[in-house]
Each structure stands twice: as C-alpha cells, then as structure tokens.
Amino acid sequence: MARLRSSYVCQNCGAITQRWQGKCESCGEWNTIIEEAAALGVGAAATRRGAAGRAFPLEDLSGVSKPEPRVVTGVDELDRVAGGGFVPGSATLIGGEPGIGKSTLLIQACAAVARSGARVVYVSGEESTAQVRLRAQRLGLQGAPVQLAAQTLVEDIVATLASGDAPKFVVIDSIQTMWSDAIESAPGTVSQVRGAAQALIRFAKASGSALLIVGHVTKDGQIAGPRVVEHMVDAVFSFEGDGAHAFRLLRAAKNRFGATDEVGVFEMTGAGLAEVPNPSALFLGGRDAAAAPGASVFAGVEGARPLLVEIQALVAPTSLGTPRRAVVGWEPNRLAMVLAVLESHAGLKLGAYDIYLNVAGGLRVAEPAADLAAAAALISSLTGAILPHDAVYFGEIALSGSVRPVSHTGLRLKEAAKLGFARAFAPPAPNAEGEAAGASVAPIGSVASLAALIAAAAVEAKTSAAQASNRARLPTHAG
Ligand code: TYD
Ligand code: MG
C-alpha cells in the first residue's frame, strides 16, 4: 500500500526538495518553498491496477486530416496574435499584471464569439457572476449569450462543460484560483495549478473547444506557478502596458499555431478595450506641434509591426558631482553606450550634463535600432538644434561609432511615409530596400556625421535667426 508522502515545492519555479528550506536552490528565491502532498508519478495508477496497456492503431504521415476552421473572435487584434483565430482544441495562456485588462479583453472576446451563435462559457474564479455581469453591462455586452459561472472546482467545471454541446470557446479566469479534488494542496500552489491546467487542457483536446486560461504574473513579469503550465499549453500570450497610459500590447511568447512576432495593440477606454489598428498615430498623437530641441521620431518595429514613437532627451548642466542619467522606456545600459560613443567618436562633451531620456507614450523600446534616434535627440538637446519635423531616425550604433543596418528597413520607411514623414535618417542600406515605398533615405554612416549634420542645421538656423533680427533692427538703427 503506497503511503501518501509530501514533498516541498518551490512556488516560484516548481523545483521539488525533500525537506523545507528557506531558499530555493534552483531559482534562488527566498520563502517560496511550501509543503505539498506528493503527486503520484506518471503511470503510477496503471501500476497499481496492474493493468496492461491497450494497443491502438498507428497512422502514417501521408494521411489526410481535415483542418477545422479556427475560432475567429472578431476582435482583430486578438485574432492576429493567435495566428488568425484560435485553433479548436487548443489551449492558450494569457498572462499579465493585475488590472491590466485581461478579464475585460476576454469577456469582450466571449461576447463577440457568442453573438456568432456558438456556445461560449466564461468561468470566473475571482469574481462573482454579478460582478462579471456588471462589467459586461458597462461594456454594453449584456445581450450576448455568454454562459457564466463563478466556480473553482475543476471536476465540476469539466462536468458542466461536457454536458450538452461542446462549447466552442471557454475562458478560465484565472488558473491560480482553480483547484482539483484529486490534489491535496491549497489552490494556487504549484501542484494545484498544474493539476487543474492538465484537467482543463485534456477536456479542450477531447472536445475541440478553444480554451483560454488567464494566468497571474509575478512581480518580474513571469507567469506565476510552474513553468510547466507554459509547456502544457499551445500558446502563451502576455498582456502588457503600464497603468499610467491607456495603451496595451498583446504579445505571443509562444504559439504552436502562428508566428510569435505578432503584436496586438489596444487602448483602454471607458467602454472597454478598443482596438488600435494604427498604433503609430496613437503614439505620435501627443507630439508637440511647436517643435522643440531634444525630440526625434524613431521608426521602430514591434514584432512584425512598424511603430513610430517619439524619443525625448534633455541634456542640462548638472549641479552634482556625478551627473544624473535617467531613462524611461529604454535600456539604461544602451544609453550609457550611446553616450560613450558620442563622447569618443563625435567629440561631444557630456560629462558636465545631467541626461534624461524618455520614450513618449509609455512604450518600452527594446530594439538596438533606436540608438540613432536616441543619439539624434541627445545631440539636438545639447546643441539646441531642432530636428526636422518631417524626419524619422533608425539604426544601430556600433562601439566604433559607425551606424549599422537594421532589419525591416522597408517596413519602417513605408510606415513613415504613411504618416507623412518625407525623410528617414538611416544607415546606408546595402540594397536600396524599400526606398521606392515612400520616405527617402538620407544615409548616415557614423555618429560623427550625424552630429555634424545636426550642428550644421543649428548654425544655419542661428545665422538666419540673427539675420532676421538684424533686418528687424535695421530700420530703427537707420531711423
Ligand atoms: P480587468 O480586466 O479587471 O483586469 P485584469 O483582469 O487583468 O486584472 O481590468 C481592470 C481595469 O481596467 C480597471 O482598473 C479599470 C479598467 N477598465 C476601464 O478603464 N474601462 C473599462 O471599460 C473596464 C471594464 C475596465
Ligand atoms: Mg481579472
């Protein structure tokens, strides 16, 4: 007779130890190990029954399988990230910080699918049905025939889903609140999350329902609970954004049925999440009409999507012994590198200045291609030269001071042209890719030539301003 043993499981990474420890040896986190009833190993049940396996027919590769049509929610930005809708029988995990809008997005998707006449079930373990209904009413979705439940016991949920027609679309909000009778640990523990996910995914595969599971994330942005859930599902999406801004990005970290470089862009409004088909317009929306020094427009690419954002720099004389370098929305290390290159290769003296860099709109830019735009904004702020209003910048800066080509040149130029930018300051392209698309390329080979170009524009602007004021003054002098 097998004795029920317990083991100690790290709630952060899922590592198992034989005794309690303050620190997890595997991931290094403190106070994450708790006692859980040990799960029986694979095949343990069969061994106990003493049953022999059952033979099944094998198939060959040439067999034809009829592809089932995807479940298209009608929320285009969500369908796009899923790879053109959700595959029947697939499981998708959606992670994101609390309050970012996961429940809002999914109730909107549910309502849209339900309106097309399919059976849709939304199971909330966090909110009561009254609360879910209240939100749906605020969003004007009360007429959609979504079936609601506030339940957390997985066995009951699976039994309910299995009764009647198989639902086409099932949302479980959130996996951390679900628990299974067969597992002794408390809800939210690694074994419960894993067990509940397993049961739900098994149901989805058997019934052909598209299953969407909400997962909480830890403070460093990972989906809480064992990484193993990420391996169990077919796709992992993360819903990102920052509380101070209304836009939200949906990214695919893993997708067995689509590309992982798609991003969906949404805006949180009073009436729920609105799709943003043209994100560049959103991010450039707040751009000053009266141009000021220190602002450049970066032609970026998020996933496979071009995205123009404004990069703002402020270079101000410091009153401190060690000047400040502060950056929002970009890598501090990248800023340090660009500054060092500007000092060594463009002759800029930045040691006596505080430097602030900000990506407007709250977007986080991770691309090295932003180097050139950041450098342009920094030089512009330092020299007081206003950058041309109709130009975008992109290019990676090497430690040698040269500007290196980046991917998706054509895509960037096309987006710039679409938004009315006539020029792009970019690395000299080996092949004139995409030039025909619109914005013309002014090749910039090095940071030194970028600095010279901006400084020359500054001098020109100063002389013409001086000439203008001289002209204005002349009559009084003469008279
Ligand atoms: P929610 O979907 O509950 O977030 P999550 O499930 O990821 O925790 O969204 C909560 C936030 O969204 C809340 O702070 C208010 C905001 N919100 C709006 O701004 N407009 C709306 O129409 C709705 C429903 C929510
Ligand atoms: Mg929620």
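Ligands are counted one by one from 1 in listed order, and the atoms in each one are counted from 1 as well.
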Is the backbone of [Y] close enough, under 3.5 Å, to the side chain of [X] for a donor and an acceptor to pair up by distance?
X      : Y      : answer
Lys102 : Glu97  : yes
Gln131 : Ser128 : yes
Glu275 : Phe266 : no
Gln11  : Val190 : yes

Donor-acceptor pair between Asp79 and Thr73 side chains, under 3.5 angstrom: yes
Worked verdict on Asp354 versus Thr318 for side-chain hydrogen bond (donor to acceptor under 3.5 Å, both in side chains): CA-CA 5 Å; Asp354 285 337; Thr318 185; 2.8 Å; yes
Any protein heavy atom < 4.0 Å from atom 11 (C) of ligand 1: yes
For Leu139, the ligand 1 atoms whose distance to one of its heavy atoms is below 4.0 Å: 22 (O), 24 (C)
Atom indices of ligand 1 within 4.0 angstrom of Gly272 heavy atoms, with elements: 21 (C), 22 (O)
Within-cut-off N or O pair, Pro98 and ligand 1, under 3.5 Å: no
Among protein heavy atoms, which lies nearest [atom], and at what distance?
atom                    : value
atom 4 (O) of ligand 1  : Gly101 N, 3.1 Å
atom 23 (C) of ligand 1 : Arg138 NH2, 3.8 Å
atom 2 (O) of ligand 1  : Thr104 OG1, 2.5 Å
atom 6 (O) of ligand 1  : Ser103 OG, 2.6 Å
atom 13 (C) of ligand 1 : Gly99 O, 4.4 Å
atom 3 (O) of ligand 1  : Arg135 NH2, 2.7 Å

side-chain hydrogen bond (donor to acceptor under 3.5 Å, both in side chains) evaluation trace for Gln142 with Arg133: CA-CA 7 Å; Gln142 64 274 31; Arg133 215 175 279 136; over 6 Å; no
Region of Thr269 engaging ligand 1 - heavy atom pairs below 4.0 Å: backbone
Within reach of ligand 1, part of Met268 (heavy-atom separation under 4.0 Å): side chain
Close aromatic pair by centroid cut-off 6.0 Å: Phe394 and Phe425: no
Heavy-atom gap Ala271 to ligand 1 smaller than 4.0 Å: yes
Derivation and outcome, side-chain hydrogen bond (donor to acceptor under 3.5 Å, both in side chains), residues Glu126 and Ser174: CA-CA 7 Å; Glu126 307 200 325; Ser174 65; 2.8 Å; yes
Contact check: Ser103 to the Mg ion (ligand 2), N/O/S below 2.8 Å: yes
